[in-house]
Protein chains: 2
Amino acid sequence: MQERAKESGGRPPQAVEDYVKAIYGMSERGLSVTTTTLAAELRVTPSSASAMLTRLRDAELIVHRPYSQATLTDTGVRLALRVIRRRRLIESFLIETLAYGWDEVEREAELLSRAASELFVERICERLGNPVRDPHGDPIPSSDGELPAPGSHLLGTLEAGAIGRLVRVWNGDPEVLQYLDERGIGLGDRIEVLSREPFGGPLMVRVGEPKEGRVHGVGPELAAVLSLELEQ
Amino acid sequence: MQERAKESGGRPPQAVEDYVKAIYGMSERGLSVTTTTLAAELRVTPSSASAMLTRLRDAELIVHRPYSQATLTDTGVRLALRVIRRRRLIESFLIETLAYGWDEVEREAELLSRAASELFVERICERLGNPVRDPHGDPIPSSDGELPAPGSHLLGTLEAGAIGRLVRVWNGDPEVLQYLDERGIGLGDRIEVLSREPFGGPLMVRVGEPKEGRVHGVGPELAAVLSLELEQ
DNA sequence: CCGCAGGTTTAGCCGCGTCTCAATTTGAGA
DNA sequence: TCTCAAATTGAGACGCGGCTAAACCTGCGG
Ligand SMILES: [Mn+2]
Ligand SMILES: [Mn+2]
Ligand SMILES: [Mn+2]
Ligand SMILES: [Mn+2]
């Protein structure tokens, strides 16, 4: 007989974790999770995704009527949060401690988070001072599965006059992060919405202190991945 | 078509690296590498080892006539040294930076070294100050495949009167390392062979400065895994 | 010098996670 | 209601890295 889950410290197979994490992320972004969308997300054929949905249903990690949408069960959510915690702590570690760049961190964090034990993750967590957000501003679930409720708002949904601080850059796209770096925009910066140009035009924002900050035009795609925590 | 070596950054399959590393280690210890001994080393059935030997021969990583012994080719040695470098640097990192214990480091280093990229390994190497030996005293191959020639001698082979410094503990057995720790014996310590008791008796050694050091009796099994660099 | 035990290889299988290609279901428009 | 394209599922395969069982060398002891 083949020994099950031999090296992984009693963790589910990697593919299971990958799919559960993807489903969690898609739900978080408000996307509907179907065979096709999930397959696209993971760059896998629909039949692979279909087979995994069946498997996840059998394991009671999702609810899924055939030909319909999938939702994580409570168990599924808990698993997703464990996976996400590992991933975000490792991202933090690579960037803070090993000076990784935005473009290097994705791949490495993906691979390492598959191999790293809970022990490793908890050690680097201590070493980083038990952070609550990763370098993208993504919240880090606690080891007992609590996710700090952020109460933040997408820049793209705000009206002129809104003022807040940048707390999160969604999706971690290296190009976006690089772009922000180049313009000196970082997490924690004060951002003021000056105006919304119509017809898909940019959002004009001031980054920095009330009168001094630089003014930037932010297109809809960028505005859709930046979250602010509003003042007051 | 199935994409080959997708996530691993152009590395050979893990099993190939595992076997090559095992063959290197066995040769280093003077063991002959046959289907059976290799299978025992890797806790695998002889038929698995046999299949892999064929595969390694086809890849020209070993020389192997059927029913005979296997030897690494130059290419095989180079691969082994790359694998060993990764492994020893990660061990060093876990112990020095993340305060891993002797009993925890084996498993974690094994898993992480499979996933870690060259970039990761080179980053931690810098961070550790380009070490030449790992915490067991095992030499770390350089990134261009040179192995610092140690010129050390197994304690078990020395005669009374020999004096040297402990530079290596072979095999990294946690029990041995724990035992040494408890007695305050560590890498770099001065060791003087006082006498060899006959009939499989212990080696009497002084650990520490000429007259002050504590005297220990070292059995043959322990003497077989400790290497000294001799004075002069 | 012959036979046989034991080491070695081969044959056939499994589970994983992927693929391709075919069959099936669905629901929206005619 | 019927039809049909698109979404979904299913069937069959593959490479990996194991396993078991059987066939096959080989060299040592009689
Ligand atoms: Mn993952
Ligand atoms: Mn992140
Ligand atoms: Mn290895
Ligand atoms: Mn070591």
Side-chain angles (χ1 to χ4, degrees), chain A residues 1-23 26 31-59 61-71 83 110-111 114-115, chain B residues 1-23 26 31-59 61-71 79 83 110-111 113-115:
Chain A
M1 108 229 53
Q2 197 124 256
E3 212 170 314
R4 209 62 48 91
K6 190 172 34 173
E7 301 274 12
S8 48
R11 281 214 285 254
Q14 290 186 340
V16 168
E17 294 197 341
D18 290 348
Y19 277 88
V20 166
K21 168 161 161 280
I23 293 169
M26 293 172 72
L31 303 177
S32 87
V33 179
T34 66
T35 298
T36 321
T37 60
L38 184 55
E41 174 78 12
L42 289 170
R43 292 154 205 285
V44 135
T45 58
S47 54
S48 298
S50 177
M52 183 55 83
L53 286 179
T54 302
R55 182 171 172 184
L56 296 181
R57 167 161 22 87
D58 291 349
L61 294 167
I62 61 172
V63 177
H64 179 233
R65 291 201 341 277
Y67 294 94
S68 174
Q69 301 184 359
T71 322
V83 173
E110 179 63 30
L111 294 177
R114 296 175 172 213
Chain B
M1 110 228 50
Q2 197 124 255
E3 210 171 317
R4 209 60 51 90
K6 188 171 35 175
E7 302 275 14
S8 49
R11 281 215 285 255
Q14 290 185 340
V16 168
E17 294 197 340
D18 291 348
Y19 276 88
V20 166
K21 168 161 160 280
I23 293 170
M26 293 172 71
L31 302 177
S32 87
V33 180
T34 66
T35 298
T36 321
T37 59
L38 184 55
E41 174 79 12
L42 290 171
R43 292 153 206 286
V44 137
T45 58
S47 57
S48 298
S50 177
M52 183 55 82
L53 286 179
T54 303
R55 182 171 172 184
L56 296 181
R57 167 161 22 87
D58 291 349
L61 293 167
I62 61 171
V63 176
H64 179 231
R65 289 199 345 274
Y67 294 94
S68 174
Q69 302 184 358
T71 322
L79 175 56
V83 173
E110 180 62 29
L111 294 177
S113 72
R114 294 174 175 216

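We name chains A, B, ... by the order of the sequence lines, and we start the count at 1 in each one. Values below: all heavy atoms of this structure, side chains included; hydrogens, waters and symmetry mates excluded.
Per the geometry, CG belonging to L42(B) stands 15 Å off C1' belonging to dC19(D), to the nearest Å. The separation between L56(A) atom CG and dT9(D) atom P is 12 Å, rounded to whole Å. Here dT18(C) presents its C1' atom at 13 Å from CG of D18(A), a figure rounded to the nearest Å. Rounded to whole Å, atom P of dA7(D) lies 15 Å from atom NE2 of H64(A). R55(B) has its CZ atom 16 Å from the P atom of dT10(C), to the nearest Å. Computed from coordinates, the Q14(A) CD to dC16(D) C1' distance equals 14 Å when rounded to whole Å. Atom CG of D58(B) is separated from atom P of dT9(C) by 13 Å (rounded to the nearest Å). The interatomic distance linking Q69(A) (CD) with dT26(C) (C1') rounds to 14 Å, in whole Å.
Distance check, rounded to the nearest 0.5 Å: OG1 of T34(B) to CD of Q69(B) gives 7.0 Å.
Donor-acceptor pairing under 3.5 Å is lacking for the side chains of S47(A) and S50(A).
Side chain of P13(B), nearest nucleotide from dC19(D), dG17(D), dT10(C): dG17(D). Taking the side chain of P46(B) as heavy atoms from C-beta on, and the options dG17(D), dC19(D), dT9(C), the nearest nucleotide is dT9(C). Distances from the side chain of S47(B) to the nucleotides dT9(C), dC16(D), dC19(C) place dT9(C) closest. The listed nucleotides are dT18(C), dT20(D), dT9(D); the one nearest the side chain of A15(A) is dT18(C).
In this structure, T34(A) reaches the sugar-phosphate backbone alone: every heavy-atom distance under 4.0 Å involves primed, P, OP1 or OP2 atoms, never a base. Contact annotation for R65(A): no contact, since no heavy-atom pair falls under 4.0 Å across all strands.
Between T35(A) and the phosphate of dT9(D), there is a side-chain N or O to OP1/OP2 separation shorter than 4.0 Å. Taking only side-chain nitrogens and oxygens, R43(B) never comes nearer than 4.0 Å to OP1 or OP2 of dG18(D). Using a 4.0 Å cut-off, no side-chain N or O of Y19(B) falls inside it from OP1 or OP2 of dC16(D).
Contact annotation: the side chain of V33(A) never approaches that of T71(A) to less than 4.5 Å [non-hydrogen atoms, C-beta and beyond]. Taking 4.5 Å as the limit, every side-chain heavy atom of Y19(B) sits out of range of all side-chain heavy atoms of P13(B).
No donor-acceptor pair under 3.5 Å is formed between the side chain of R57(B) and the backbone N or O of I62(B).
Closest-nucleotide positions on DNA chain C for P66(A) and S48(A) were compared, and the one nearer the 5' end corresponds to S48(A). In terms of position along DNA chain C, the nucleotide closest to M52(A) lies nearer the 5' end than the nucleotide closest to the other residue of the pair M52(A) and Y67(A).
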